[in-house]
Colleague: 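Below are the structure tokens for one structure; questions will follow.
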Protein chains: 2
Amino acid sequence: MAETTAANERRPRSDKQRNRTHILQTAERYFAEHGITGSLDAIAKRAGIGPGTLYRHFPNRESLLAALLQARNDELVSQREAIRQEPDTTAALARWLDALSQWATAFDGLPEPLRAAFSEDTSPLALTCQGFITTTDEFLHAAQRDGGARPDVRGRDLFLAVLAMSWVRGAAVADESSPTALSNLMRTGWATT
Amino acid sequence: MAETTAANERRPRSDKQRNRTHILQTAERYFAEHGITGSLDAIAKRAGIGPGTLYRHFPNRESLLAALLQARNDELVSQREAIRQEPDTTAALARWLDALSQWATAFDGLPEPLRAAFSEDTSPLALTCQGFITTTDEFLHAAQRDGGARPDVRGRDLFLAVLAMSWVRGAAVADESSPTALSNLMRTGWATT
DNA sequence: AGTACAAACGGAGACTATCTCCTTATGGGC
DNA sequence: GCCCATAAGGAGATAGTCTCCGTTTGTACT
């Protein structure tokens, strides 16, 4: 056993990993240009492979998306660690929600599949969402303990609200101040009470 | 000139209006069952007409949607009149936002094209949105005058927030309390300040 | 009633996208 | 160098949007 693979397991063919990487690089660029609804066959063509190859690696758009998001998930997790150092729990929650919002807008149209994944736990994105909801809950509870966040709010709702704001932001690009305005709205609401 | 049509204008063929009505009835049911992304050709087939006929009446999904929404727009406008009688301007704003939210969820998936229309004034839905943003602004200004709403909020942002909440609600059906929770969140925010 | 004709209909089919299946190619182990 | 499992490639089934054009039909006029 010169390899680290399990016994009776042939080492995976080298072209497989090579293709996978190449697909991801191509898809990254393609989604950045056309949004995540761009044609998958077009990505295959641009990557110089057949559609069958793309679909073997990533059986649907969602799994491709999940793979692309991996790097950003890691990034978000490391941000989470940094934010945990923040002594002001309310500021920490605000920073976390901001980071989450940036994550959800990594690609144009991303909130849509995230929302879809939210309600089906069979999706590769669902687990990711679940993890981030848990984190949201942690920051929220800390802030609630310190009196900085309303006690009746749930992490789940905050997560959904961030997703919703990220979604609507995609169309509101015309107005520069919308992102801030919406983020403020979510923080303080419209009422004065 | 025995007819009310303009001079030199032939009266429109009777089957035209008949088909139009029939298409609308069929589409109403179809969208209610399948959401607004259901196949247009399928609607034509169910209505017993050719796709060409459907597309002549409604050149795209959006215009069909706009026609279907007409009745609901009227309903919303009449609700607006009722809400204007409300002496408590803050309660009025809350009621208006609620009505708006119901309007935006008349069909499954409706928030999507509404958001799209929001940023392109060429759309038949865009004008409708614009009108409702104006109304939102009216109720908002009244509430702000009376100190019930934060002065830095804009009607446009409130409208977008309602749209966003309506959108996310589509997926959050699993959790009964989400609609209320999100509506509260929009009203008071997550922070205690 | 019959005729003329603009208006409207119907549906074949062009186009685009997703995804599958099966043949061909190739890399790994011996 | 040979075997063959593994992966690649791409044709094509399926489905949806939308258009074009030959055919039909309702209306007006005689």
Side-chain angles (χ1 to χ4, degrees), chain A residues 1-27 30-31 33-67 109 112-113 116 122-124, chain B residues 1-24 26-27 30-31 33-67 109 112-113 116 123-124:
Chain A
M1 286 229 294
E3 296 303 330
T4 55
T5 48
N8 294 340
E9 296 258 320
R10 187 182 267 219
R11 186 212 297 174
R13 276 171 55 165
S14 57
D15 51 345
K16 186 177 188 180
Q17 180 58 41
R18 195 163 4 103
N19 268 327
R20 191 188 142 89
T21 310
H22 189 215
I23 290 171
L24 286 175
Q25 288 174 343
T26 310
Y30 198 86
F31 282 162
E33 291 169 19
H34 301 85
I36 58 143
T37 54
S39 157
L40 295 188
D41 275 28
I43 292 175
K45 183 174 277 183
R46 186 187 275 195
I49 60 170
T53 303
L54 190 152
Y55 282 96
R56 193 169 332 94
H57 281 277
F58 306 101
N60 50 52
R61 187 181 302 271
E62 209 173 45
S63 61
L64 175 54
L65 222 39
E112 189 70 59
T122 58
S123 142
Chain B
M1 288 230 296
E3 297 303 328
T4 55
T5 46
N8 294 339
E9 297 257 320
R10 189 180 266 217
R11 184 211 299 175
R13 278 172 55 165
S14 57
D15 51 346
K16 185 178 188 179
Q17 180 58 42
R18 194 164 4 104
N19 269 326
R20 191 188 142 89
T21 309
H22 189 216
I23 290 171
L24 286 175
T26 310
Y30 198 87
F31 281 162
E33 291 169 20
H34 301 85
I36 58 145
T37 54
S39 156
L40 295 188
D41 275 28
I43 291 174
K45 183 176 278 182
R46 187 188 274 196
I49 59 170
T53 303
L54 190 152
Y55 282 96
R56 194 169 331 93
H57 280 277
F58 306 102
N60 50 52
R61 187 181 301 271
E62 208 172 44
S63 62
L64 175 54
L65 223 39
E112 190 69 60
S123 144

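Being a predicted model, the structure only gives us computed values, none of them experimental. The figures here come from the full heavy-atom set of this structure, side chains too, leaving out hydrogens, waters and symmetry mates. The chains referred to below are lettered A, B, ... by the order of the sequence lines, with proteins before strands, and numbering in each begins at 1.
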Colleague: What is the separation between atom CZ on A:R18 and atom C1' on D:dG9, rounded to the nearest whole Å?
Modeller: 15 Å
Colleague: Nearest whole angstrom, please: distance from the P of D:dT24 to the CZ of B:R13.
Modeller: 13 Å
Colleague: Let me know the distance between NZ of A:K16 and P of C:dG28, rounded to the nearest Å.
Modeller: 13 Å
Colleague: Nearest to the side chain of B:R10, heavy atoms from C-beta on, is which of C:dA6, D:dT19, C:dG27?
Modeller: C:dA6
Colleague: Establish, with yes or no, whether the OP1 or OP2 oxygen of D:dA8 is under 4.0 angstrom from a side-chain nitrogen or oxygen of A:N19.
Modeller: yes
Colleague: Would you check, one step at a time, whether the test side chain to side chain contact (heavy atoms under 4.5 Å, CB included) holds for B:N60 with B:Y55?
Modeller: CA-CA 7 Å; B:N60 50 52; B:Y55 282 96; 5.9 Å; no
Colleague: Record whether the side chain of B:D41 comes under 3.5 Å of the base of D:dC18 through a donor-acceptor pair of N or O atoms.
Modeller: yes
Colleague: For C:dG11, does either OP1 or OP2 sit under 4.0 Å from a side-chain N or O belonging to B:T53?
Modeller: no
Colleague: Starting at CD of A:Q25, measure out to CZ of A:R46 and round the result to the nearest 0.5 Å.
Modeller: 12.5 Å
Colleague: Select base, sugar-phosphate, or nothing to describe what A:R56 touches, counting heavy atoms under 4.0 Å on all strands.
Modeller: base
Colleague: Can you name the nearest heavy-atom pair linking A:I43 to A:L54, along with the distance?
Modeller: CG2-CD1, 4.0 Å
Colleague: For DNA chain D, whose closest nucleotide is more 5', that of B:L40 or that of B:D15?
Modeller: B:L40
Colleague: Establish, with yes or no, whether the OP1 or OP2 oxygen of C:dG28 is under 4.0 angstrom from a side-chain nitrogen or oxygen of A:S14.
Modeller: yes
Colleague: In this structure, how many angstroms lie between the P atom of D:dT17 and the CG atom of B:L64, rounded?
Modeller: 11 Å
Colleague: Roughly how far apart are A:T122 OG1 and A:E62 CD, rounded to 0.5 Å?
Modeller: 7.5 Å
Colleague: Please give, in whole Å, the distance from C:dG11 C1' to B:L54 CG?
Modeller: 13 Å
Colleague: Please report the distance, rounded to the nearest Å, between CZ in B:R11 and P in C:dA6.
Modeller: 19 Å
Colleague: Can you find a side chain N or O atom of A:H57 that sits less than 4.0 Å from OP1 or OP2 on D:dA8?
Modeller: yes
Colleague: Counting just side-chain N and O atoms, does A:S39 come under 4.0 Å of either OP1 or OP2 of C:dT16?
Modeller: no
Colleague: Is there a donor-acceptor pair closer than 3.5 Å between any side-chain N or O of B:R20 and the backbone N or O of B:F58?
Modeller: no
Colleague: Base, sugar-phosphate alone, or nothing: which one does B:P59 contact when heavy atoms must sit under 4.0 Å apart?
Modeller: nothing
Colleague: Just how far, in rounded Å, is P of C:dC9 from NE2 of B:H22?
Modeller: 13 Å
Colleague: Should A:R61 be listed as having a side-chain N or O under 4.0 Å from OP1 or OP2 of C:dT18?
Modeller: yes
Colleague: Just how far, in rounded Å, is C1' of C:dA17 from OH of A:Y55?
Modeller: 8 Å
